[in-house]
There are 2 protein chains.
Amino acid sequence: MQVSLQALKAFEAAARRGSFKLAADELSLTPTAISHHISNLEGRLNVNLFHRQGRRIALTKAGIRLAEATSDGFRKIENSLEELVAVGSKVRVTTTSSLAAMILIPSQNEFEQINPGISVEISTGESIDNQSYTIPIRFGDATAIEASDIIKSESFNVFGASGMKPPSWSNEPVTLFTTEWKNKTLPDSPLEAWLTINGLEGSNIKLKKFDQELFGIQQAMAENVLVFCSTTLTKRLLEANLLQQFGTQPVKSDLCYYVPNKRSFETRSAVRFLDWVEGLLSP
Amino acid sequence: MQVSLQALKAFEAAARRGSFKLAADELSLTPTAISHHISNLEGRLNVNLFHRQGRRIALTKAGIRLAEATSDGFRKIENSLEELVAVGSKVRVTTTSSLAAMILIPSQNEFEQINPGISVEISTGESIDNQSYTIPIRFGDATAIEASDIIKSESFNVFGASGMKPPSWSNEPVTLFTTEWKNKTLPDSPLEAWLTINGLEGSNIKLKKFDQELFGIQQAMAENVLVFCSTTLTKRLLEANLLQQFGTQPVKSDLCYYVPNKRSFETRSAVRFLDWVEGLLSP
DNA sequence: TTTATAGATGATTTTAACTCATCTATACTA
DNA sequence: TAGTATAGATGAGTTAAAATCATCTATAAA
C-alpha cells in the first residue's frame, strides 16, 4: 500500500475532530504535520478528502467513506491493544487455599514493590472466573505431570508451635494433625515413609485429619499440637519463628505444586511472577 | 497509543504469513526490520506475541488475539483505500446524447492520452447506474442554475454542410432543421431572437423539428439542409470543415451545460476532467 | 479595520525506521 | 554427524520519513 499509516491516523483524527488543530492536539503533533499528512494522502489517492473554505474544513464524500473505514479499523486495533496492555500489567493467579494464605498473599506486597507496574490478583477455589490469562498453580501428583511444569516438589515433616517441648515419641501417646486430601486421586501424605525414615514406626500416635493443610497447621499452633505437613507451606512460619522442627528428617513425596503448560504463559508479568514464586519456594 | 502502527503492520504480516522472512518480502523490508518491530511491540505491551523455538515461530494466545484484530482492522482500512484509488483513477460522466456523441466521445481519447492513469467512461440516458462518483453534465435553464455550476452557456446559429451554397433568405422558401426539447420546462431554442438579430423576421422558412440537436445536425448534413443549433455542438464539425456558417450572427440563449454541485466533485481526476471540458468548450 | 486563529507551503531538523554486519540455533543433506 | 543453508536475534550505523519552524493567506470575531 502506497500510503503511510501515520497519515491515515492523522486523517482519522482530523476527520473525527473536524479540525487539524484538534487532531494535532490529540496526537501530540503540530497542525502543520496533520496538514502535510493529509495533503500527502490526497495526492497519493488522487482524491480530495476535505473541502477547504479558508480556515474551515469539511469532509468530502470520499473523506466520509474513508473516515468510517479508518475509524472502525483503528478502533478495532486499539481495543485489542488496550486489552493486551491490561493483560500485560496484571497477573491473575488462582491456587489452593493453603498456598494462597500461607505463601502467596503474605508475599504479594513484596512482589508488587519489586515490580512496579504489575499488579497481582490472587484467588482460590474452583477457578472463580474462567477467564483466560489466569495462571493456575495447582497441587498434584508429580509422577503424572510434565517435569517442566513443576514449580516445587513437596517434602513433609513434623512441626509444632515455637514454644512447644520436643515430643517424646516412645512414651506417651502423641497427637498429630495431618491432611487427607478431598481429592482421592492425589497421593496420600507420606506419613508412613516419614515414620520409617525417622525410626518411629511403632509410636503411639493419635491422628486427626483435616482436609486442607492450612487448617491443620493453624489448629496445631492454636492447640500446641504437632502437625505433619508440607515444608513449603511452613517455610515462612519457620523463618518467623512461629513454628519449629524437632530434629526429624523431612520426607520427599510425589506431591508437587505445578502450573499446567507453564511455558505457554506469554505475558512477561506472568513469567516474572512465576520465576519469583519459584525463587520464593526454593530452599 | 504508545505503539507504532508500522510495528503493528509488521506483526500483522508476520502473524498471517507465519514467518518474519515472508512478512519482510511482503512489505519489502528486511527480516531484521520485522524482528525489531515485533520485539519493540512485545516490549511495549509486556506480552510475548510469538513463541520462538530457534528459527521456528508460533503465535502465542495473546498473539492470536492481536493478529485477529490487526488483520480485521487493516483489511477494513485497505479495502476502503482500494475503493478510493479505483474511484480516483476513473472518471464516469453521464450526459446528453448530443454532447456525448458530438464532443465528449470524439475527444475522450485525447484526454486519456494527456492524462495517463485516468480512464474515462461516458454514458448517456437516464443515469444508467445511479452510482455515486458519476458526474452528470446536464443541459438546462441557465437562469435557474447556480452560476458556479455552469460549464458553457449556449449560443445558437445556423449551419450547413460545407459544400452548400449560401441560402438566399429573401427569395425562395428555406428549409431549416431545429430542435424542440422533449423536456417542456426548458427554454425554447432562440430562433425568433436569431431571426431578429439577423434581420430575417419575414423570411419564408419551413421548419422541421427534431427532439435532439444531434439528429437535426446529422440529418441536415446528409440532406444538404440548414440547421439552427448550438454553437457548442458544431464547434468540432466547423473546425473539421464538415460544417460551415453563412455570415449570420450567433444568438445567446438561456440554455447551458452544467454540473449540479460542480464543486463537490472531489476526485482530482474529476476536477481535471471538468476543467478540460470547460477548456474544450470555451471559444 | 484590527486582531486572532486555522490552515497551507517550503526549508530545515529530528527521529524513527531500516539496513548491515555479526552471531546463534535449527533444519536439511550428504 | 559433520557440513551447509536458512531463520531469526542483536547492536551499531545509516537513511528516509516525519515533525517542526518560519512565513504566508484567508476567514471569523471584536
Side-chain angles (χ1 to χ4, degrees), chain A residues 1-60 63 67 70 74 81 148 263 266 268 271, chain B residues 1-60 63 67 70 74 81 148 263 266 268 271:
Chain A
M1 186 59 54
Q2 69 275 34
V3 306
S4 114
L5 286 165
Q6 324 211 40
L8 287 169
K9 196 80 195 61
F11 165 74
E12 191 275 331
R16 181 161 35 74
R17 309 294 300 268
S19 149
F20 289 10
K21 183 180 187 313
L22 293 180
D25 292 345
E26 180 175 313
L27 300 176
S28 306
L29 295 175
T30 56
T32 306
I34 308 292
S35 174
H36 279 304
H37 270 312
I38 287 173
S39 69
N40 174 290
L41 210 48
E42 291 178 319
R44 287 177 193 267
L45 296 175
N46 257 305
V47 169
N48 292 344
L49 299 169
F50 287 98
H51 292 296
R52 277 99 163 161
Q53 305 136 51
R55 62 190 267 191
R56 181 142 293 177
I57 58 166
L59 282 169
T60 61
T70 50
F74 285 130
L81 283 175
S148 60
R263 291 191 319 181
E266 48 257 345
R268 299 182 174 198
V271 171
Chain B
M1 186 60 52
Q2 70 275 34
V3 306
S4 116
L5 286 165
Q6 326 212 39
L8 287 169
K9 195 81 193 62
F11 166 74
E12 191 275 333
R16 181 162 35 73
R17 310 294 299 269
S19 149
F20 290 10
K21 183 178 188 314
L22 294 180
D25 291 346
E26 180 174 314
L27 300 176
S28 305
L29 294 175
T30 55
T32 307
I34 309 293
S35 175
H36 279 304
H37 270 313
I38 288 175
S39 67
N40 174 291
L41 210 49
E42 291 179 320
R44 287 177 193 269
L45 297 175
N46 257 306
V47 169
N48 291 344
L49 299 170
F50 287 99
H51 290 297
R52 278 100 162 162
Q53 305 135 50
R55 61 190 270 191
R56 183 142 291 176
I57 57 166
L59 282 169
T60 61
T70 50
F74 285 130
L81 284 175
S148 61
R263 292 190 318 179
E266 49 257 343
R268 300 185 172 194
V271 171

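What you see is a predicted model; the values in this text were computed from it and never measured. Every chain is numbered from 1, with letters handed out A, B, ... down the list of sequences.
- At C:dA17, one or more side-chain N or O atoms of B:Ser4 fall inside 4.0 Å of OP1 or OP2 (strictly under the cut-off).
- Minimum atom distance to the side chain of B:His37 is reached by C:dA17, of the listed C:dA4, C:dA17, C:dA8.
- For the pair B:Phe74/B:Leu8, a side-chain contact is recorded, criterion being any heavy-atom separation below 4.5 Å from C-beta on.
- Comparing D:dG8, C:dC18, C:dG7 by their closest approach to the side chain of B:Ala33 singles out C:dC18.
- Per the geometry, CG belonging to B:Leu5 stands 20 Å off P belonging to C:dT15, to the nearest Å.
- Regarding B:Leu41, its CG atom lies at a distance of 11 Å from the P atom of C:dA17, rounded to whole Å.
- Summarising the geometry, the separation between CZ on A:Arg55 and P on C:dG7 is reported as 8 Å, rounded to the nearest angstrom.
- Looking at heavy-atom distances under 4.0 Å, B:His36 makes contact with a base.
- Looking at A:Arg56, its side chain has no donor and acceptor atom pair within 3.5 Å of the base of D:dT27.
- In this structure a side-chain-to-backbone donor-acceptor pair under 3.5 Å is present from A:Glu42 to A:Leu49.
- For B:Phe20 and D:dT10, the CZ to P distance is 10 Å, given to the nearest whole Å.
- Between A:Leu22 atom CG and C:dG7 atom C1' the separation is 13 Å, expressed in whole Å.
- The nearest whole Å value for the distance from the CD atom in A:Gln2 to the P atom in D:dA17 is 14 Å.
- Checking C:dA4, D:dA18, C:dC20 against the side-chain heavy atoms of B:Thr32 singles out C:dC20 as nearest.
- Across the protein-nucleic acid pair, A:Leu49 atom CG and C:dG7 atom C1' stand 16 Å apart, rounded to whole Å.
- Here D:dA18 presents its C1' atom at 14 Å from CG of A:Leu8, a figure rounded to the nearest Å.
- In this structure a side-chain-to-backbone donor-acceptor pair under 3.5 Å is present from A:Thr60 to A:Asn48.
- Within 6.0 Å of CZ in A:Arg52 there are more than 12 heavy atoms belonging to other residues, nucleotides or ligands.
- For D:dA19, the OP1/OP2 oxygens have no side-chain nitrogen or oxygen of A:Thr30 closer than 4.0 Å.
- Proximity note for A:Arg52 (side chain, C-beta onward) versus D:dT20, C:dG7, D:dA9: the nearest is C:dG7.
- Using a 4.0 Å heavy-atom criterion, one finds that A:Ser39 contacts no nucleic acid atom at all.
- Nearer to the 5' terminus of DNA chain D, by closest-nucleotide assignment, is the contact made by B:Lys21 (compared with the other of B:Gln6 and B:Lys21).
- How far CZ of B:Phe11 is from CD1 of B:Ile38: 7.0 Å, rounded to the nearest 0.5 Å.
- Positionally, the nearest nucleotide of DNA chain D for B:Ile57 lies more toward the 5' end than for the other of A:Leu29 and B:Ile57.
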